[in-house]
Chemist: 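Pasting a structure here, questions to come.
Lettering follows sequence order; numbering is per chain, from 1. Please read all numbers here as calculations on a predicted model, not as lab measurements.
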Protein chains: 2
Amino acid sequence: MTSGKTGGAGVGGTGQPKDPKAPQTLYRKVAADLRDAIAAGAYGSGARLPAEGALAERYEVSRGTIRQALALLRADGLVTSRRGTRRVVLSDTRVQSFAELTSFARWARSIGEEPGGRTIAVVREPGRPLECEQLRLESEAYVYRVLRLRTLSGRPVMVERAVYPEWVGELVERFPREADSHSTLLEGHGVLFTDADHTIDLAPADTEDAVLLECGVGDALLRERRRSTDSTGTPVEWSDDRYLPGTVAFTVHNSTASTALSRRTSQ
Amino acid sequence: MTSGKTGGAGVGGTGQPKDPKAPQTLYRKVAADLRDAIAAGAYGSGARLPAEGALAERYEVSRGTIRQALALLRADGLVTSRRGTRRVVLSDTRVQSFAELTSFARWARSIGEEPGGRTIAVVREPGRPLECEQLRLESEAYVYRVLRLRTLSGRPVMVERAVYPEWVGELVERFPREADSHSTLLEGHGVLFTDADHTIDLAPADTEDAVLLECGVGDALLRERRRSTDSTGTPVEWSDDRYLPGTVAFTVHNSTASTALSRRTSQ
DNA sequence: GAGTGGTCTAGACCACCCT
DNA sequence: GGGTGGTCTAGACCACTCC
C-alpha cells in the first residue's frame, strides 16, 4: 500500500516469495502489495480492508483487476468476502507458494532449515498397476523408481519414493546422488510442475523405512502421496513420502468459495 | 451440456451435491452442467473442452460468465488452464462440497455410510491459551468444551474434541446426546460455517482416546485440527479430531493458480 | 437509504500454442 | 497466422448489510 502508482517499481515487495515463472501482471502486483500491507500490520487480524472502489482509485486500475487480486487473497484464506460488507482480514500468516510446497528443499530453506537429499537407489522396471494408473501410462510400461532420504540440518526426516515416466526418469537418473532439489534441476530441463494432488494419511514403517529413519518397524509415519502434473495435464511424478512423527504437519484452507480439500476412506 | 438455454430448468443436474445456501447464479449452473457432462463421460480424462467462445455461444452467456464457471472447475482440479490451448480434463472424480467436508455426518452419508455421534461430555470452563487464541477470545474467556465419539455404521472411528465460544456453546449444550450432525443443527440456528483452516498430523492416543476408540494408549492416530469461521470471519469452532488409522485419508488439490495447502513443522 | 460486494455484459489487446 | 486463454477496462444492475 506504499505507492499505489501502478507504473511504480515499489509494488510487490518482499513478503510473499515469487513463484518462478509467475508472470508479473497488474493484479498479481496489487495482491502482493496488499499481502505485504497485511503482513506489515497495516490491517491487523479482524480489520476491514478498503472498499473495492477505493482500492481501484488508489492503484489506478479497474474494479475488475482489484477483484482478481482480492480473489488471490481469498483463496489463501487471508480475507473474507461477503456481499454488503467490506472484506475482513482473517489472518496475517504468511502463505507458502506452490513451489515451496512441491519442493522439499525450497520449503526447508523458506523456514530457515538446511535441506539435504541422498539418493539411495534408482531402478528402471515395469510399473505396478497403481503407478501406471497414476502416471496415466499403459499397464506394464517402464518407469523409473527413485528412493531418497531427506534430511533437515542433517537429521533424517522423510523417506521419498518417487516414480517417474521414462522421459522424466532418464533426466533424474543423471542427477548427482547428493542433489538437494530434484525439482529445481527438473525445471532447468524445462519440466515444470503446475498442479498436484495430495493424499495424506498414516502408514506403518516397513523395514526399509525403519533403517533409513532410525525408527522401529511398524511405527506409524505421516504419509503424503502426491501426483504432480505439468501445465499440459501430463502426469510427471507420483511419490510416496513418509515423515517421522513430530516433524511436519500439513495445513489447508478452504471455504464455500473454494473446496480444495476432501476426506476419503482409506483405500 | 443437455440444453444450453440459460432459462431452461434442465441445467445443474445431479452430479455435484448442492451446498445449502449456495445462490443459483448463471455461472454456477454452467459449472454444474459441465461437471455433469464430465462425470457422464462426455469429456473423458485427457479430453479437451470446447473453447470459451464456443461455450459462451452454447449457453448464451458472455465469455466472462463462462470463465467464472471454468474457474470453479479449475479450483476443483478437474481441468487445466493454459494460454494458447483448450482446457484439458484432468480427472472425472467427484469432488466434495464444503458442507460435506465440514460435517462428518454429511460426509458419511455421501459415501453411503451411516454416521453416528454420541456426546460424552459437555463442560463450560475458562479456555486454554491456544483455544482462546484460535477462537479470537480474550484469554481466560469461558468456552464450551464438547467431547464426542463418532461412528460409521456403529463402528467407532473418531474422537472429536470441539471448543466453542459461549454464544455457540449455549446452543450446542442443548442438542440431544445422540444427534448425528451438530453442524446441521447449528445451521438451523443461523450459524453457518463458510471458511475453515485444517492442520493434519499424527498424535498418540491418550487414555481417553484409547478407551473410546478401543485401541492402545500411545497408538498413533491421524489428527485433524480445524478452526471454522462464519461469513463475518468470526471463529465459531475449534476442534481436535482423531481418527483410527486406516479409516480415512485427506486429499488436497492445488496448483500454481491456487495454493490452499502448506507444509509446516509440527508445533 | 447509502455503501458494498456479487454477478453479468461487451469489447479490446496480448501472449502463447500449434500447424 | 489462426485459434485460444489471460488480462484489463467500463459500465450496469442487484442483493445484502448496516445505520
Chemist: May I have the distance from Q68(B) (atom CD) to dT9(C) (atom C1'), rounded to whole angstrom?
Modeler: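 The answer, rounded to whole Å, is 11 Å.
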Chemist: Is the distance from OP1 or OP2 of dG6(C) to the nearest side-chain N or O of R67(A) less than 4.0 Å?
Modeler: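 Answer is yes, contact under 4.0 Å.
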Chemist: Could you state the atom-to-atom distance from CG of L192(A) to P of dC16(C) in whole Å?
Modeler: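 Whole-Å distance recorded here is 13 Å.
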Chemist: If you compare every side-chain N and O of T85(A) against the phosphate oxygens of dT17(D) (OP1, OP2), does one of them come in below 4.0 Å?
Modeler: no
Chemist: Can you see if the side chain of R87(A) gets near the phosphate of dG6(C) - specifically, an N or O under 4.0 Å from OP1 or OP2?
Modeler: yes
Chemist: Quick check for you: among dG6(C), dC17(C), dC8(C), whose closest atom lies nearest to any side-chain atom of E52(A)?
Modeler: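 My answer, after comparing the listed nucleotides, is dG6(C).
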Chemist: Separation of R63(B) atom CZ from dC8(D) atom C1', in whole Å?
Modeler: 11 Å
Chemist: Kindly check if the number of other-residue, nucleotide or ligand heavy atoms within 6.0 Å of CD (E140(A)) is above 12?
Modeler: no
Chemist: Can you figure out which of dC8(D), dT9(C), dC14(C) approaches the side chain of V61(B) most closely?
Modeler: dT9(C)
Chemist: Ignoring the backbone of L26(B), work out which of dT17(D), dT9(C), dC17(C) is nearest its side chain.
Modeler: dT9(C)
Chemist: Side-chain N or O of R28(A) less than 4.0 angstrom from OP1 or OP2 on dT7(D)?
Modeler: yes
Chemist: dG6(D) P sits how many Å from L72(A) CG, rounded?
Modeler: 14 Å
Chemist: Starting from the 5' end of DNA chain C, give me the residue, P50(A) or T65(B), whose nearest nucleotide shows up first.
Modeler: P50(A)
Chemist: side-chain hydrogen bond (donor to acceptor under 3.5 Å, both in side chains) with R109(A): which residues, sequence neighbours excluded?
Modeler: D180(A)
Chemist: Between S231(B) and R83(B), which is nearer to the 5' end of DNA chain D once each is assigned its nearest nucleotide?
Modeler: R83(B)
Chemist: Set out, in order, the CA-CA distance, both residues' side-chain angles and the distance that settles side-chain contact (heavy atoms from CB on, under 4.5 Å) for W107(A) and L101(A), then state yes or no.
Modeler: CA-CA 6 Å; W107(A) 165 70; L101(A) 179 61; over 6 Å; no
Chemist: Among dG5(D), dT9(C), dT4(C), which is the nearest nucleotide to the side chain of A51(B)?
Modeler: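 Of the candidates, dG5(D) comes closest.
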Chemist: Taking CD from E57(A) and P from dT4(C), how many angstroms apart are they, rounded to a whole number?
Modeler: 11 Å
Chemist: Rounded to whole angstroms, how far apart are CD on E60(A) and C1' on dC8(D)?
Modeler: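 Distance, rounded to whole Å: 15 Å.
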Chemist: How many angstroms lie between CG in L34(B) and OH in Y43(B), if you round to the nearest 0.5 Å?
Modeler: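 One gets 7.0 Å once the value is rounded to the nearest 0.5 Å.
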Chemist: By nearest nucleotide on DNA chain C, pick out whichever of Y27(B) and T232(A) is the more 5' one.
Modeler: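 The answer here is Y27(B).
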Chemist: Report the distance from atom CG of L55(A) to atom C1' of dG5(C), rounded to the nearest whole Å.
Modeler: 12 Å
Chemist: Just so I know, are the side chains of T199(B) and F250(A) near enough to count as touching, which here means a heavy-atom distance under 4.5 Å?
Modeler: no
Chemist: Mind calculating the distance between CD1 (I66(B)) and C1' (dT7(C)) to the nearest angstrom?
Modeler: 14 Å
